[in-house]
Amino acid sequence: MVKKTDKKIIMNKYVLILTLLFSTFAFSQQINLKGKVFEKGSESPLAGATIQVVDSEVGVISDFDGNFEILLLIGDRIKVSYVGKQTVELPIIASPISVFLEDDLNELDEVTVSVGYFDISEKDLSGSITQINSDKLEKNRSGSVESILQGQVSGLVVSESSEPGGGSGISIRGTNSILGGTQPLYVLDGIPVDPLTDAEGMSGSGESQSSLSFINPNDIDKIEVLKDAAATAIYGARGANGVILITTKTANNENGNDKISVNYESYATVVRRNISVLDGMGFENYMNQRVLNQVWQDITNPNLYSSPFDGTQEINLENFPVIGTGPDATSPIQRVLPYLTSTGVNTNWQDETYRVALSNRYNLNYRGGDFKRNVSVGLGINNQEGVIINSNNKTINLNINAKRKGFDEKVDIYTKTYFTHKKGNAASVGNGEIFQQRGVVSQTLQFQPIYSLLEPGQDDEIYSELNESLPISNPYTLARYVMDIKESTSFRQTLQLVGKITPKLTATFKGSYNFQKSNRDNYYPLNTTRGRNTDGEASQAFLENSKLYAEGNLRYRNRFKDHRIDATLVGTFEKNKIRSLFNKARGFGTDATTFYNFTSAEEILTPISQFREVGLLSALFRVGYNYKRKYFVDVNARVDASSKFATNKKSAIFPSIAFSWFASKEKLFEKYKNLDELKLRFSYGKIGSNPINPYQSLALMTPIRYNFNDEIITGFYESNLANDDLTWETTDQLNLGIDLGLYDSKLNFTVDFYNKLTHDLLQYVQLPPSNGYSSRVDNFGEVENKGIELSINGLLIENDDLNWSINANIGVNRNELKQLNSNLDFQLGPSVGFSQAYPIMFMVGQPLGIYWGAETNGVYSNWDEAIESGIAGAAPGEIRYLNHYVDLDENGQPLAIQEINFDDYVKIGDPNPDFSYSFSNDFSYKNWDASILFTGQKGGDLFWVDSWQLSGLQKTTNILSSSFSNSWIAPLAYQNGSYVYDESIGNLNSASHPAAILETGSRAIASDRNIFDGSFLRLKNINVGYNFNFNNGNSMRLYFSGQNLIVWTDYPGYDPEVRTYTKNPQKRGVDFGTYPGTKSFLIGLKYNY
Amino acid sequence: MNNLKYKYYITSLVFILSYTSCDVLEEDPFTQPSTENFYQNETDALAALTASYARLKSGIGYYKQQFMPTLFASSDQGLSTYLYNEFKRGIVTSTNQSLNNLWKELYLGIRDANNVIANVPSIQMDEELKNRIVGEAKFLRALHYFNLVRCFGEVPLRTTPLQAGDDQGLPVSSIVEIYDLIIDDLNFASIYCWGRNEARGNYVNDLGRATNTAAHALLAKVYTRIASCKRTASNGIIGNELYLGFPESYQTYYQYAKDHCDSAISGQGFNLSTSLDDWISIFDANNGNNPEMIFDVQGSSLSGQGTAVSNLFTPRNAGLSGSGFGGNNKLKPLFINNRIDKFDNRYQNSIITEYETLTRQFNINQWSTGYVPTNLENGNTLGTLWQIWTAKYIDTEATTEYTSRQNWHVIRLADVYLMRAEANAEILADPAAANADINILRSRVGMSEIDYSSMPIENFREEIMRERAVELYMEGHRFFDLTRFGVYDEYCRFIYGNVDGARQPEDYLWPIPIIEVSTNSEID
């Protein structure tokens, strides 16, 4: 409603156009007024507008063509109103008339937000939704949608992947689910989409890359992140991890013009930091020290000598035969230091393997047409190099959106086409199953600096001496020659019809077809470790996913005086067909055909084929009601039925309710002049999740082969137990929110409190393997996530020349496993690392996925301490593990020798961050603009698998410089062929790392030594631009941007934010030879015609 | 006026939903048949049995790879990879991954055998074949439980298929109960399994299947273990104290062992090799399933059917096995010099005396305790490598890690003779009673005959271990021999020294793996 007091202001902007075709001066004459109502802007007829004679009961509604007729007196005033438009009041002096209605200014100025199947005004929002518009996207130049989201939304945490084309993981408001992962549901222009999925790769060939690369960030108009139940319940079944809505750009607002923009960017990427490992000389010292330490440990050992070395005896074979290494006692040879003379070689494997990567992005955008028919085309090419040599990715995106208002402008027809092609070589970053199959990154750190690159004619045999007499590839060879080619194509076509059935009732029909295919081909050539063992090993894999989506949608909106109602009824249908094939062969004997041809392979493994179908049917009913736009109620009910669950458990109802109160519209608050907006929101709802593979509720047989006397026969075994109870994982979410706007909404605060309780957790319930089934998918347990999110944005300075705004977010989440399987209070996570320890634990009363292992307290200084500990394997220079559980003998007496085993393990870390935050500034001064974004996290421990080797000092591989310099060192020197005691060179008492020694104790135990604090503060993005505005209306923008330029962290690995298993919620926080974190510098030019 | 269109829309929406709804939500897995339609006929019965056999090498934990090297590392024979350090040092913990793999695969085998034993009897089919199938399944179940009880002691004893909802796990059973099941199963198998390669009606017992002879041989091994463990437990070996629960005297169990040895030795189709050359050829990769092998896990070069045996026990890159990281298991000079007669033809003819890699040639030294490497480029001799490779598992045609045709020998006839020798001597407390069987094995390989007449029984026990070691070294028996004779600590200390070699009574058995303990509420 337009208030009279506002009239002056409104008159200025009033865009009522009243056309008088005839004018007479007769009064009080009854006429049959004929008229037509149009929508301003589109100039299309407006059906269903209310025309009412002021101060009377007489009124009509415009028909389908916007026409109306009404009997009245000349001089009467009529009021023309329509939902979402400004009401117009005017005197009648003639007939016919045309009335043009402009969008309600109040509502026009408002940001509309997609809540899923429809848009509503942000002011009417009861749910917790964050919007990121194209302005923001423009500033944060990044190749992936995930990293654009980083720091923009409180409560949203991204685990990055730096691999070219690699997929990042996102979690919103903590981790609900063990099996479900944390990936939100993505909805692209109203259609739920599945991120691209890689075909299966060979084991150890790096993580798969499912990611959002099907959409070019340049084509995105806005992104909405739906967080609470009120918002996500609309997507019911799959909303439990939050929903991210992506809307692509259209040409709706081009007013008949043609616009072209061209964008070119070039950027250089480097590894964020190098890790300091020993150089050639340092490594030789380390190797020599191993012998010195061993000799000292042996000669002081009271178990070996009744009078161990006390500083006085001469250290020779006669006194201490143990310093000999001969095969038996008859031929002792004194141990000598292996590198008395230096090899003189010093290879920095990080320099050899990493590079400055140069990449380019090109974008071409055309938008043209008017409101009634328009077309928008976006073409993007991203040609990206990775910092590891030979890793790269090339992506092409094409996006075409077209619209036409057809059938007498009653039906809007939209077509949207998305095409993506992606191809790249991932470089064998991943670690294999066994120690010798270290991946590129692990190997880069661990490979011996005293070895050189291979000369022509040499092979890995020259590396065998220090690698357990095995020929092992250096990291350069691995990166250079292993092939891991990932290629994917995605085509998506959407057709959408929107028609007005009555003025207040809109019907929408959407149909979408999506075809994805991805290939992954691996080859380990003969000159690599693995290729040598397998005589050439190749795999070919493909995965094909076709998906049909259909949606019918009815929306009814009406207004009765101060009551507004907005109701929606939706039905959707989804069907996925997925098929995949994986082929593997070994024993090629030659690299001639790599993975292209298996004919020459000795051993062709049985192909693994999969055919899967998944269906989902859903219906949604939603009613939004508000009174005076002050009191809001939203009620939602959604029914979902998924094929994945047991016969009678397929469907579930996901209801939600939300209230909000626009308190600042109350009289009570009128006196607070600076208070523009105060809104309280409350919502509660149920949402679900079904992230499992199909067919898990059925009892199935699986084929298996055996042979008798060289003849193969096939058998079948029961691989699945039926589970008649398998059903939805459900999350109850409660949200309380406050929105506060001050000083003409220049300063805005939003606070949300939430509590999510997820029950019937879908998980691989681990069963006693003695059952014959070691796991089963079932609903078990409860997880709680609760937290606070705060975001502040302020326009600090706003004038013609200078603008400065800030934006800050913080999200605190607490996660707790409330309940597990009925009879157990903990469940082990998957094994990790080469020694395959079980460092991850799901324990009732603890956050999900805590780390579990031995507690340590430095190292033993000498034999007295070691023997006193009573722990098996204790020796000077060995890690001092704490014995938390006393092993008893049959009589209940403590055993003399205590072993460190699982019983002694305790919680050693927690991968869940305490809180995450971000802070950004945007400046503009005349034609200049700049933005700067910091993101950070407190807590969130990391398990650095490579630290086992890099700080364990247990092998003849390279180690961290800092670990060696703080290690236990024997007070022993080697001079002129004999060992000499020298107290001054020892470091027995203040060592924080164990001794470099030939025969180590247990150092492969998962312990607190492998856990690191993942806290960081990062200068995520800095961006400076200058805009040239030309006279002809064209413009050009030149900009520079830097990413990850500075990171403040104590984490000794490459990057605290970069994870190996970005999408596996069971292995969060694990860094196992991850593609190293990078920083990049970018220069870009954008020309708008 | 718009009602019609409205109705039309609703109708079409409802239509779309109902049309698709039934079909979309139903699951039809194309790649896997349902359990409901299984166990209908002879084909299904055989297929279910095949799966139980396939478990012997379906994962790396059992006979495909890790079981043998873990047993080897646990024994006193020599050097293995650091991956098995916990076994070598006698500090095996419940989180050890090889242990977890082994446990899981043993019980998969038991599950599949249980399914055969429970479901096949009700199938309408040839009765003789049906009994054979159940008999083979029982043989396999007994083998799995025998391996379990020997390695872990008291374990959960599951003998019927798991029902849905009944999956919280079973408590451990006493070893007597476990052995009772093993003995029952093997007795059944010894009656209903067929002879080696025997044909009955339209059916042939394929080479490689469990036979009635194999059941007797395994029974002999079971009783020999019970007997010797009970004996040593009575003499204060705490590591074997669980065997005190067996009611009868150890001599009685030796008597049972002897009876089954007799049955096995008279078994149709199996016989000892008769000359040294013959004996050497039983380890030839081209001579799998020869008549001396009573039960073998089958290796084959057919796709996916190879074992890792050749790779694990043969030097790398020497053309004697497939490529791969294997070649970790070697005999130690201390063992060769002290625990066997290294001049025995069986030792001398089952070790590798020379081999060549890309850059070096290795020749055995004069004491048969190591190799002298020569640099092929310049002819320089390098320091001796103090270790000896066995030639028992050479497969020159294997290409990669898992392509060896070499079988794992679970039990062979020579073992049965050695058991009978031991049983005869123990029953009468007279070592001379062992002479005949020992000398059969010795004379066929050209070794002089031995007479144990005047030897005290304690000394004889050491001698029988030496004979077993020289005949059966690196075939997976040594660890079990060390424990049942109660000499685990003494023998390991001798080879590995007082630190790595020390064995406590609890080291006689491995701990139940963490994956079981953490999920089974019936086990602490």
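These values consider heavy atoms only, across backbone and side chains, with no hydrogens, waters or symmetry-generated copies. Everything numeric in this text was worked out from a predicted model, so none of it was measured. Throughout, protein chains are lettered first and strands after them, A, B, ... in sequence-line order, and every chain is numbered starting at 1.
For R360(B), the CZ atom is loosely surrounded, since the number of other residues' heavy atoms within 6.0 Å does not exceed 12. Atom CD of E711(A) has 12 or fewer heavy atoms from other residues, nucleotides or ligands within 6.0 Å. By the 6.0 Å contact criterion, NZ on K575(A) is enclosed, its count of non-hydrogen atoms from other residues, nucleotides or ligands being greater than 12.
In this structure, CZ on F826(A) lies 8.5 Å from OG1 on T519(B), to the nearest 0.5 angstrom. How far CG of L721(A) is from CD of Q163(B): 8.5 Å, rounded to the nearest 0.5 Å. Atom-to-atom distance recorded for N407(B):CG and N709(A):CG is 8.5 Å, nearest 0.5 angstrom. One finds the OG1 atom of T399(B) at 6.5 Å from the CG atom of D535(A) (value rounded to the nearest 0.5 Å). Rounding to the nearest 0.5 Å places CG of L157(B) at 10.0 Å from OG of S770(A).
Checked against side-chain contact (heavy atoms from CB on, under 4.5 Å), Q504(B) has the following partners two or more places apart in sequence or in another chain: A502(B), E506(B), D507(B). Residues satisfying the side-chain contact (heavy atoms from CB on, under 4.5 Å) test with S300(B), not counting sequence neighbours, are N707(A), D710(A), L302(B), Q305(B).
For chain A, no part of T369(B) is nearby; none of its heavy atoms comes within less than 4.5 Å. Only the backbone of T1000(A) comes within less than 4.5 Å of a heavy atom of chain B; no side-chain atom from C-beta onward does. Heavy atoms closer than 4.5 Å to chain A are found nowhere in R405(B), neither backbone nor side chain. Proximity to chain A is limited to the side chain of L56(B), based on heavy atoms less than 4.5 angstrom apart. For chain A, the nearby parts of Y53(B) are the backbone and the side chain; heavy atoms of each come within less than 4.5 Å. The contact between K57(B) and chain A is made entirely by side chain atoms (from C-beta outward), counting heavy-atom distances below 4.5 Å. With a 4.5 angstrom heavy-atom cutoff, S34(B) touches chain A via backbone and side-chain atoms both. For a residue to count as touching a neighbouring chain, one of its non-hydrogen atoms must lie under 4.5 Å from one of that chain's; by this rule V172(B) does not touch chain A. Heavy-atom distances place the side chain of N100(B), and not its backbone, under 4.5 Å from chain A. There is no contact between A837(A) and chain B, counting heavy-atom distances below 4.5 Å. When heavy atoms are compared at a cutoff of 4.5 Å, D459(A) approaches chain B solely by way of its side chain, counted from C-beta outward. Heavy atoms closer than 4.5 Å to chain A are found nowhere in N197(B), neither backbone nor side chain. Contacts between N311(B) and chain A at a heavy-atom distance below 4.5 Å are absent for every atom of the residue. For S642(A), the part sitting under 4.5 Å from any heavy atom of chain B is the backbone (N, CA, C, O) and nothing else. Neither the backbone nor the side chain of I1005(A) comes within contact range of chain B; no heavy atom of the residue lies under 4.5 Å from a heavy atom of that chain.
Minimum heavy-atom separation, P768(A) to E516(B): CB-OE2, 3.2 Å. For W103(B) against P769(A), the heavy-atom pair with the smallest separation is CD1-CB, 3.8 Å. Shortest non-hydrogen contact noted between T95(B) and Y838(A) is O-CE1, 3.9 Å. The two atoms that bring S58(B) and I704(A) nearest to each other are CB-CD1, 4.0 Å, heavy atoms only. The nearest pair of heavy atoms linking I91(B) to S1002(A) is CD1-OG, 4.2 Å. Looking at every heavy atom in both residues, S94(B) comes nearest to F902(A) through OG-CB, 3.9 Å.
When the candidates E602(A), K650(A), E718(A), E603(A) are compared by the number of heavy-atom contacts under 4.5 Å with chain B, E718(A) comes out ahead. Counting heavy-atom pairs closer than 4.5 Å to chain B, the top-ranked of the candidates S643(A), P471(A), G589(A), G873(A) is S643(A). Highest contact tally toward chain A, considering only E105(B), K104(B), R209(B), is held by R209(B) [criterion: heavy-atom pairs under 4.5 Å]. Ranked by heavy-atom pairs under 4.5 Å with chain B, the list E574(A), K644(A), E537(A), Q610(A) is led by K644(A). Heavy-atom pairs under 4.5 Å with chain B were tallied for F708(A), F716(A), F645(A); the largest tally goes to F708(A). Most heavy-atom pairs under 4.5 Å with chain B: of the set A641(A), S651(A), G587(A), this distinction falls to A641(A). Looking only at heavy-atom pairs under 4.5 Å with chain A, the residue among G169(B), G304(B), S518(B), G497(B) that has the most is S518(B). Heavy-atom pairs under 4.5 Å with chain A were tallied for T403(B), T357(B), N115(B), N114(B); the largest tally goes to N115(B). Contact count versus chain A (heavy atoms, under 4.5 Å) is highest, among T93(B), I514(B), D112(B), for I514(B).
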Does N37(B) form a side chain to side chain contact (heavy atoms under 4.5 Å, CB included) with M701(A)? I'd like the steps, not just the answer. CA-CA 10 Å; N37(B) 309 318; M701(A) 309 291 294; over 6 Å; no
Check the pair S774(A) / I515(B) against side chain to side chain contact (heavy atoms under 4.5 Å, CB included), numbers first and verdict last. CA-CA 9 Å; S774(A) 46; I515(B) 50 168; over 6 Å; no
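The cationic atom of R586(A) (NZ for Lys, CZ for Arg) does not lie both less than 6.0 Å from the six-membered ring centre of Y402(B) and within 45° of the ring axis. A cation-pi arrangement is absent between R111(B) and Y717(A) under the rule of less than 6.0 angstrom and at most 45 degrees off the ring axis.
Remark: the backbone N or O of L700(A) is paired with a side-chain donor or acceptor of T35(B) at under 3.5 angstrom. The closest donor-acceptor contact from the side chain of Q298(B) to the backbone of Y706(A) lies at 3.5 Å or more, if one exists at all.
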